[in-house]
Amino acid sequence: MSSLYFVLGTQLSIRHFLWIAYSLPCFALFSCVGLSIIKDFEKSTRTHCNVFNFLPSISAAIGDCEPQRYIWRLCFALDSIPRYLIGYLQLIRLLNRHHVGLPELYPIVQIFNSCIHFLELTFLLLLTYVASREIQWVHECGFIGFMICSLVHMLLTVLIDYFWPRTIHFRLTDQEKHARQKRLRWFLINILSFFISLYFYFRHNSACEANIYSMYCLFEYFVVLTNIAYHSVVMDEWDQQGGQIQIFY
């Protein structure tokens, strides 16, 4: 991935570009949750059964409180185009592989998987800009769509990495082995965190115990962070290529 061409006038290393793209959502999460705990604790941790909780949900932090709502939306506005661009460039890189078996089917599967990823990013924007207190069903659909597309995309990528046939004389490089191991690890932590968060969510709704909703919120944070970590594995792959993003007038 030697270069990307934009319409400004400087150069930016691929690693710095990726670092910015994956740091913005982390900054948004930590700043919004931190501000909600410091300045809007009671409002952001309040639930329908009025039991004590020590952490706010992401939806409460970004939808009910200010300036958290604006910080979150600004970060994802700045991050959206780079994330779509990264997804497209990763697809191009994968389609240029010459050591895969079933060459007629491989591009179709990779394009389908990338479409799932683009849907994931689109649903993320939907739940970002439509808060639960504004149009709840739209926000919920955005969250459900994001989680389904996220898990499907991660699963398909892991399956392709580990099980797609390769040409007979090809061996995986250490770089490829390391990248696929990291993807598998982050995927397993992500899906485990998701199911644990569901357990605490339904337990809270059925029993209304103190602090249980906070445990749901904690694992909700893990779901977001491990999703970011999973996608950031491309930093290891692209950095090895030593490319730069060249930005010209």
Side-chain angles (χ1 to χ4, degrees), residues 1-6 14-15 17-18 21-22 25 76 79-128 141-195 223-224 226-243 245:
M1 185 126 351
S2 60
S3 62
L4 306 175
Y5 297 93
F6 289 95
I14 283 178
R15 189 166 188 85
F17 174 72
L18 295 173
Y22 294 113
F76 279 89
D79 193 51
S80 59
I81 293 179
R83 291 291 296 274
Y84 281 106
L85 182 59
I86 290 168
Y88 170 75
L89 292 173
Q90 179 70 349
L91 172 62
I92 298 301
R93 193 184 73 84
L94 293 172
L95 291 179
N96 285 329
R97 283 180 171 175
H98 302 294
H99 54 263
V100 295
L102 304 176
E104 298 83 7
L105 183 61
Y106 179 77
I108 298 173
V109 174
Q110 287 291 8
I111 291 171
F112 173 76
N113 195 25
S114 291
C115 289
I116 297 296
H117 178 48
F118 294 144
L119 281 174
E120 172 192 346
L121 296 176
T122 303
F123 280 121
L124 178 59
L125 287 177
L126 181 64
L127 68 90
T128 292
C141 287
F143 174 76
I144 293 170
F146 168 74
M147 285 308 308
I148 291 174
C149 291
S150 171
L151 293 174
V152 170
H153 171 68
M154 287 191 285
L155 176 61
L156 280 176
T157 304
V158 168
L159 291 176
I160 292 170
D161 280 347
Y162 276 88
F163 299 109
W164 196 272
R166 308 292 179 108
T167 54
I168 296 174
H169 301 292
F170 180 82
R171 287 187 177 182
L172 288 175
T173 64
D174 291 338
Q175 174 192 345
E176 286 185 307
K177 291 179 181 178
H178 180 66
R180 75 175 191 174
Q181 288 170 0
K182 287 182 71 173
R183 282 200 178 93
L184 177 61
R185 180 172 66 248
W186 288 125
F187 168 65
L188 292 176
I189 298 174
N190 180 271
I191 195 168
L192 179 63
S193 299
F194 174 65
F195 283 114
V223 169
V224 172
T226 53
N227 176 274
I228 296 169
Y230 175 92
H231 289 298
S232 70
V233 173
V234 298
M235 295 177 69
D236 298 331
E237 297 174 327
W238 292 12
D239 189 53
Q240 293 293 327
Q241 300 171 20
I245 301 172

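Predicted, not measured: the structure shown is a model, and the values here were computed from it.
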Student: If you take all heavy atoms of Met147 and Phe194, which pair is closest and at what distance?
Tutor: CE-CD1, 3.4 Å
Student: Taking side chain to side chain contact (heavy atoms under 4.5 Å, CB included) as the definition, give me every residue that meets it alongside Ile191, ordered by chain and number, with sequence neighbours left out.
Tutor: Leu151, Phe187, Phe195
Student: Measure the shortest side-chain to side-chain distance between Ile189 and Tyr230 over non-hydrogen atoms and say whether it is less than 4.5 angstrom.
Tutor: no
Student: Listed by chain and number, what are the ring-ring contact (aromatic ring centres under 6.0 Å, His included) partners of Phe123, not counting sequence neighbours?
Tutor: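 Listed in chain order: nothing, the list is empty.
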Student: Return the CZ to CD1 distance between Phe118 and Ile111, rounded to the nearest 0.5 Å.
Tutor: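 Output value for this atom pair is 10.0 Å.
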Student: Is there a side-chain contact between Leu91 and Gln110 in this structure, where contact means two heavy atoms from C-beta onward sitting under 4.5 Å apart?
Tutor: yes
Student: Among Leu125, Asn227, Leu121, exactly one meets side-chain contact (heavy atoms from CB on, under 4.5 Å) together with Phe146. Which residue is that?
Tutor: Asn227
Student: Any side-chain heavy atom of Met154 within less than 4.5 Å of one from Glu120?
Tutor: no
Student: To the nearest 0.5 Å, what is the distance between CG on Asp161 and CZ on Phe163?
Tutor: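 CZ of Phe163 is found 10.5 Å from CG of Asp161.
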Student: Rounded to the nearest 0.5 Å, what's the gap from CG on Asn113 to CG on Leu94? Could you check?
Tutor: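 Output value for this atom pair is 8.5 Å.
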Student: Heavy-atom distance under 4.5 Å between the side chains of Val158 and Arg180, does that happen here?
Tutor: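 Sidechains of Arg180 and Val158: no contact.
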Student: What are the two closest non-hydrogen atoms of Asp79 and Pro25, and how far apart are they?
Tutor: OD2-CD, 3.8 Å
Student: In Å and rounded to the nearest 0.5 Å, what is the NE2 to OG1 distance from His117 to Thr122?
Tutor: 9.5 Å
Student: Provide the closest heavy-atom pair for Leu184 versus Tyr162 in the form atom of the first, atom of the second, distance.
Tutor: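 Smallest heavy-atom distance, with atoms named: CD2-OH, 3.5 Å.
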Student: To the nearest 0.5 Å, how far apart are CD1 in Ile86 and CD1 in Ile81?
Tutor: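 CD1 of Ile81 is found 12.0 Å from CD1 of Ile86.
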Student: Please name the pair of heavy atoms, one in Thr226 and one in Asn190, separated by the smallest distance, quoted to 0.1 Å.
Tutor: OG1-ND2, 3.0 Å
Student: Looking at every non-hydrogen atom in both residues, tell me the closest pair between Pro107 and Leu95 and how far apart they are.
Tutor: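 It is CA-CD2, 3.6 Å.
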Student: Please report the interatomic distance OG1(Thr157) to CD1(Ile116), rounded to the nearest 0.5 Å.
Tutor: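 Those atoms lie 10.5 Å apart.
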Student: For the residue pair Ala21 and Arg83, what are the closest heavy atoms and their distance?
Tutor: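 Looking at all heavy atoms of both residues, the closest pair is O-CD, 4.2 Å.
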Student: Would you kindly say whether Ser114 and Tyr88 are connected by a side-chain donor-acceptor distance under 3.5 Å?
Tutor: no
